[in-house]
Each structure stands twice: as C-alpha cells, then as structure tokens.
Trainee: 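Okay, handing you the structure first.
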Amino acid sequence: MLIGYARVSTDDQNLDLQKDALLQAGCERITEDRLSGAKSDRPGLKSALDYARAGDVLVVWRLDRLSRSLKDLIEMVTLLETKGISLKSLHEAIDTSSSSGKMIFHIFGALAEFERNLIRERTRAGLNAARARGRRGGRPMILNLDKRALAVKLYDDKEHTVVQICQMMGISKPTLYKYIEAQREVTARQ
C-alpha cells in the first residue's frame, strides 16, 4: 500500500500541490502536518507510521517534507527499514524498495556527510587562524567587569534568587552561571 505524507511549515501555506502529486502517484491514504519539519512531534507523520505495515511504501513529494536534516532523514529511513517499510520521494525520484534506490539514497547521504565534514574542517581552520591572530570568538559580554562582579557578589550573598539577580542585571541564567564560573576560575588561579 502507498501511504502519502504531506507537510507545510505554516497554516497559511497550501498542501494542494503535494496532495495532488501523492494522489496521482497512487497513494491510498494521505496524512498531513502543518508545522515545521524541525519539530519531532508531528501527528500526521506518526499516524502514517502507525498505519503502515511491512511491505508498505511511505511516499513524500520531496525529501525535505519528511525531514529538515540529513541525519534525521537517515534515521527515518533506518526506522522504516526496520519495520519493512520503503520510502519513495516523487521529486528526487528515490525509491528505497529497490536496490538502486537504496544505493542512490545512501550515496546522497554520504555526499552530504562529506560536505558537512568539509564545512566543519574549514570552520575549525578559520577559527584557529583567527585565534592565532589574537581574535576571540563568541558573543561579546553583556555586562562590563564591574557589573559582572556585582552579579557574582549578589549570587554569593544569597539575599536574592537567581531569577531576581538575572532580572536586575538583564541577563539569562546561563549567562549568570558563566560569569560565576569565570569568577571561580580567576579566584582559583590567585
């Protein structure tokens, strides 16, 4: 059985194009979601996966409708394979029910992983080169040294809650804890 899955990111987008393509492909059942693909809790996708049985094919208009990242997509295909369910993408013409479809899918996956690794290496090299020239990365500190010291003093005095200190200083909890940790390191070195 062909089970279609359609997704758009927002309510104001239209599913008609995807649904028409899925119907034309012969899908007997179509589930849909109207939310970001980055969300892991997608009721339409869950419904399609719960309904599908071994030998069925999950059909999507494009692979990006199923997943926003290659890692998630590969995990999804692996999950489908363990259940005996194939994946078919109409736009990319990939069908994992065939040996050649599986091979093409895995080649795409390997190439995308290779590209991610190249980007990671270039980024790391760029950051190292910038550090060698004396540049520091990251966000600039929100508070100057005096205000950071005051935030840490307020924390150490235990007269105010963490939330109160953060509100007074206009910072988040992680930022406060980062300032506290930095102060502890300075104190430990002295």
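Below, each value reflects all heavy atoms present in this structure, side chains not excepted, and no hydrogens, waters or symmetry copies.
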Trainee: So, are K153 and D146 salt-bridged, with charged N and O less than 4.0 Å apart?
Mentor: no
Trainee: Would you say Y179 has more than 12 foreign heavy atoms packed within less than 6.0 Å of its OH?
Mentor: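 Counting other residues, nucleotides and ligands, OH of Y179 exceeds 12 neighbours.
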Trainee: For a quick test of reading the model, state the closest non-hydrogen atom pair linking K19 to A6 and the distance between them.
Mentor: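 Looking at all heavy atoms of both residues, the closest pair is CG-CB, 4.4 Å.
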Trainee: What pairs of residues pass the side-chain hydrogen bond (donor to acceptor under 3.5 Å, both in side chains) test when at least one of them lies in residues 75-86, not counting sequence neighbours?
Mentor: K71-E75
Trainee: Please report the shortest heavy-atom distance between V163 and K173, naming the atom on each side.
Mentor: CG2-CE, 3.7 Å
Trainee: What's the spacing between I180 CD1 and E185 CD if we round to 0.5 Å?
Mentor: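 Answer for the CD1-CD pair, I180 versus E185, is 12.5 Å.
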Trainee: Please check if the side chain of R65 supplies one atom and the backbone of R7 the other of a donor-acceptor pair under 3.5 Å.
Mentor: yes
Trainee: Which heavy atom in I85 sits nearest to a heavy atom in A52, and how many Å separate them?
Mentor: CD1-CB, 3.5 Å
Trainee: Looking only at non-hydrogen atoms, find the nearest pair between L176 and A151 and report the distance.
Mentor: CD1-CB, 3.9 Å
Trainee: For the residue pair T31 and S47, what are the closest heavy atoms and their distance?
Mentor: CG2-OG, 3.8 Å
Trainee: In Å, rounded to the nearest 0.5 Å, how long is the span from CZ of R189 to OG1 of T187?
Mentor: 9.5 Å
Trainee: Applying the 4.5 Å side-chain criterion to the ILVMFWY set and letting contacts propagate, would I74 and Y5 be lumped into a single cluster?
Mentor: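 Yes, I74 and Y5 fall within the same hydrophobic cluster.
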Trainee: Look at the side-chain heavy atoms of Ile, Leu, Val, Met, Phe, Trp and Tyr, link any pair under 4.5 Å apart, and say whether L73 and V60 land in one connected group.
Mentor: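 Result: yes, single cluster for both.
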Trainee: Determine whether a donor-acceptor pair (N or O, by modelled atom type, separation under 3.5 Å) exists between the side chain of R53 and the backbone of D50.
Mentor: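 Checked: pair present.
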Trainee: Please report the interatomic distance CG(L90) to CD(Q24), rounded to the nearest 0.5 Å.
Mentor: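 Result: 9.0 Å between the selected atoms.
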Trainee: Out of D72, L87, V77, which one pairs with L66 under the side-chain contact (heavy atoms from CB on, under 4.5 Å) rule?
Mentor: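 Filter result, single survivor: L87.
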Trainee: Locate the shortest heavy-atom distance separating L63 from E92; write the atom from each residue and the value.
Mentor: N-OE1, 3.2 Å
Trainee: Taking C-beta and beyond as the side chain, do I3 and L49 meet within less than 4.5 Å on heavy atoms?
Mentor: no
Trainee: Tell me whether D33 contacts the main-chain N or O of L35 through its side chain, where contact means a donor paired with an acceptor under 3.5 Å.
Mentor: no
Trainee: How long is the straight-line distance from NZ of K102 back to CG of D95, given to the nearest 0.5 Å?
Mentor: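 Here the rounded value is 10.0 Å.
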Trainee: Counting C-beta onward and ignoring hydrogens, is there a side-chain heavy-atom pair between I171 and L143 closer than 4.5 Å?
Mentor: yes
Trainee: Grouping I, L, V, M, F, W and Y whenever their side-chain heavy atoms are under 4.5 Å apart, do L58 and L2 come out in a common cluster?
Mentor: no
Trainee: Count I, L, V, M, F, W, Y as connected when their side-chain heavy atoms are under 4.5 Å apart, and connections chain through other members. Are W61 and M76 then in the same cluster?
Mentor: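 No, no single cluster joins them.
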Trainee: Run the numbers on T123 and R120 for side chain to side chain contact (heavy atoms under 4.5 Å, CB included), then give the verdict.
Mentor: CA-CA 5 Å; T123 302; R120 189 177 303 121; 5.8 Å; no
Trainee: So, using side-chain contact (heavy atoms from CB on, under 4.5 Å) as the criterion, who are the partners of H160 when residues are at least two apart?
Mentor: L154, Q164, I165, M168
Trainee: How many angstroms lie between atom CZ of R34 and atom CG of N14, to the nearest 0.5 angstrom?
Mentor: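 The CG atom of N14 is 7.0 Å from CZ of R34, to the nearest 0.5 Å.
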Trainee: Could you check if a side-chain atom of T175 sits within less than 4.5 angstrom of a side-chain atom of M169, using non-hydrogen atoms only?
Mentor: no
Trainee: I'd like to know if the side chain of Q183 and the backbone of V152 have a donor-acceptor N/O pair within less than 3.5 Å.
Mentor: no
Trainee: Are Y51 and V59 in one and the same hydrophobic cluster, where Ile, Leu, Val, Met, Phe, Trp and Tyr link if side-chain heavy atoms are under 4.5 Å apart?
Mentor: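 No: no chain of side-chain contacts under 4.5 Å links Y51 to V59.
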Trainee: How many angstroms lie between atom CD1 of I119 and atom CZ of F114, to the nearest 0.5 angstrom?
Mentor: 10.5 Å
